Amino acid sequence: MTEALIRDTWWWPYVMILVAGWLATDVWRWIGVFASGRLREDSELLIWVRCVATALVAGLISKLILFPQGVLSETPMWLRIAASCAGFAAFFMSRQKVIVGVLAAEAFLIGGWWLVDRLG
Amino acid sequence: MTVPEGTAQTPPPDLPARTGRDWFFLGMRASISIPALILTAAFVGFAGLARETGLSLPETLAMTGLIWALPSIVVLTGALSSGMGLVPAALAVALASVRLMPMTMALMPMVKVPGKTKNWHLLIASHFVAVTAWVFAMRTLPDLPREARLPYFSGFGSGVTSFVFCMTGIAYMAVERLPDVVAGALVLLTPVYFLCSLWGAARLNVDKAAMVVGLILGPVVYLYLPGLDLLWTGLIGGTATFFGMKIVRKGLS
């Protein structure tokens with residue numbers, strides 16, 4: 001079949017990257033630019049748009065923690081949640097220093113992972 | 001107003017003599033930052049994944065530079081490795097990228113000088129919209145003069161993108177296979193970093209409320225409506241928060 005032949009060419013992955021990657025992603029950014037045309041910076045509508053964007057990114061965050069890809073998915077879910085909470089708590093106690101939060105979460109995850117491996 | 005200190009770069013005092021080019025380079029300098037390093041670490045994790053999946057170095061780099069949104073890149077990597085067709089792959093990536101639209105919509109009025117900024121400038125700058133640059137912009141730009149915002153944001157965006165691009169290539173060539181603990185830790189890095197910086201970028205209480213609602217709603221919607229779940233989380237959670245906070249404010253005053 002010709003379709004299979006096309007898939008074996010060297011350039012097929014690049015067509016995939018250009019169309020299914022670049023175009024499928026940037027088109028949303030362009031739509032965002034045109035859709036924002038009449039939005040004023042202090043309008044109620046913009047506050048709503050920001051609420052939607054913020055809730056959406058937050059949803060992505062908890063999805064990445066609860067249902068991760070790759071090896072991280074082999075760790076227990078409670079460990080990932082606890083590590084993230086520890087990180088956020090450290091972020092808060094350090095007067096909102098992002099790096100402190102990130103390092104605390106990583107330390108918690110690696111320590112917990114090691115313990116789970118030992119005990120399990 | 002609560003602008004938390006921390007990684008936010010304090011922009012130098014505003015001098016009228018600064019040109020757009022000056023602001024571009026200032027933005028580029030601001031990109032040498034903790035967020036950029038964390039994002040780099042996350043892309044190092046992707047380089048390992050790409051190599052394991054069997055993607056070549058040029059393919060890996062093309063995805064990094066052209067897509068420039070980690071979740072969409074991960075989705076396309078999965079599509080390429082499973083031999084998915086062009087149309088289903090494009091749909092999957094488009095679904096993972098819808099979130100960029102409301103983010104761009106929220107950012108653009110901030111960087112635009114009404115009646116002066118050309119649309120094609122905004123279209124180019126919009127390519128840098130991804131969580132890292134967006135959060136940085138929402139947090140930093142309001143303190144800058146309006147004319148400075150677009151060049152500053154573009155400088156920051158191109159600085160981060162070129163740095164991450166180079167480091168992804170180096171990581172691809174240098175690291176054969178990451179040890180499990182390192183690979184796993186790199187994957188958790190991204191959400192924790194997003195979690196902290198999104199809170200830092202929230203300017204109003206309503207933004208923080210939207211964030212908490214999204215955190216709780218995200219996994220629930222994912223279980224019931226996988227596929228378009230992020231968009232629904234944003235629309236349902238964001239709208240509910242918007243009107244909920246409106247009622248709360250009315251009730252208090």
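Heavy atoms only: backbone and side chains are in, while hydrogens, waters and symmetry mates are out. What you are looking at is a predicted structure, and each value in this text was computed from that prediction instead of being measured. Letters go in sequence order (proteins before strands), and every chain restarts at 1.
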Parallel, tilted or perpendicular: ring planes of W199(B) versus F88(A), cut at 30 and 60 degrees: perpendicular
Please classify the contact of W114(A) with chain B as side chain, backbone, both or neither, using a heavy-atom distance under 4.5 Å. neither
Applying a strict 4.5 Å limit to non-hydrogen atoms, the region of P88(B) in contact with chain A is neither
Given that the side chain runs from C-beta out, which part of W30(A) has a heavy atom under 4.5 Å from chain B: side chain, backbone, both or neither? both
Looking at every non-hydrogen atom in both residues, tell me the closest pair between A130(B) and R29(A) and how far apart they are. CB-NH2, 4.4 Å
What's the shortest heavy-atom distance between G214(B) and S62(A), and which atoms? O-OG, 4.1 Å
Looking at D26(A), T75(A), I110(A), I31(A), which has the largest count of heavy-atom pairs under 4.5 Å with chain B? D26(A)
Of all of A240(B), G218(B), A94(B), A125(B), which one pairs up most often with chain A through heavy atoms under 4.5 Å apart? A94(B)
Side chain, backbone, both or neither of V74(B) within contact of chain A (heavy atoms, under 4.5 Å): side chain
Taking all non-hydrogen atoms of both residues, which atom of L188(B) and which atom of A83(A) are closest, and how far apart? CD2-CB, 4.1 Å
Measure A104(A) against the heavy atoms of chain B and call it side chain, backbone, both or neither at under 4.5 Å. neither
Most contacts with chain B, counted as non-hydrogen pairs under 4.5 angstrom, among L66(A), L60(A), V15(A): L60(A)
Looking at chain B, which one of I65(A), V102(A), L64(A), V100(A) has the largest number of heavy-atom pairs inside 4.5 Å, strictly under? V102(A)
How far apart are the closest heavy atoms of T233(B) and A55(A), and which atoms are they? CG2-O, 3.8 Å
Given S36(A) and K112(B), is the side-chain contact (heavy atoms from CB on, under 4.5 Å) satisfied, shown in steps? CA-CA 10 Å; S36(A) 75; K112(B) 195 157 43 182; 4.0 Å; yes
Report the C-alpha distance between F242(B) and V52(A) in whole Å, list the side-chain angles of each, state the deciding distance to 0.1 Å, and finish with yes or no for side-chain contact (heavy atoms from CB on, under 4.5 Å). CA-CA 9 Å; F242(B) 177 75; V52(A) 171; over 6 Å; no
Of the listed A105(A), A58(A), G59(A), the one with the largest count of heavy-atom pairs under 4.5 Å with chain B is A58(A)
Interface moiety of L109(A) toward chain B, non-hydrogen atoms closer than 4.5 Å: side chain
For W68(B), which atoms come within 4.5 Å of any heavy atom of chain A: side chain, backbone, both, or neither? both
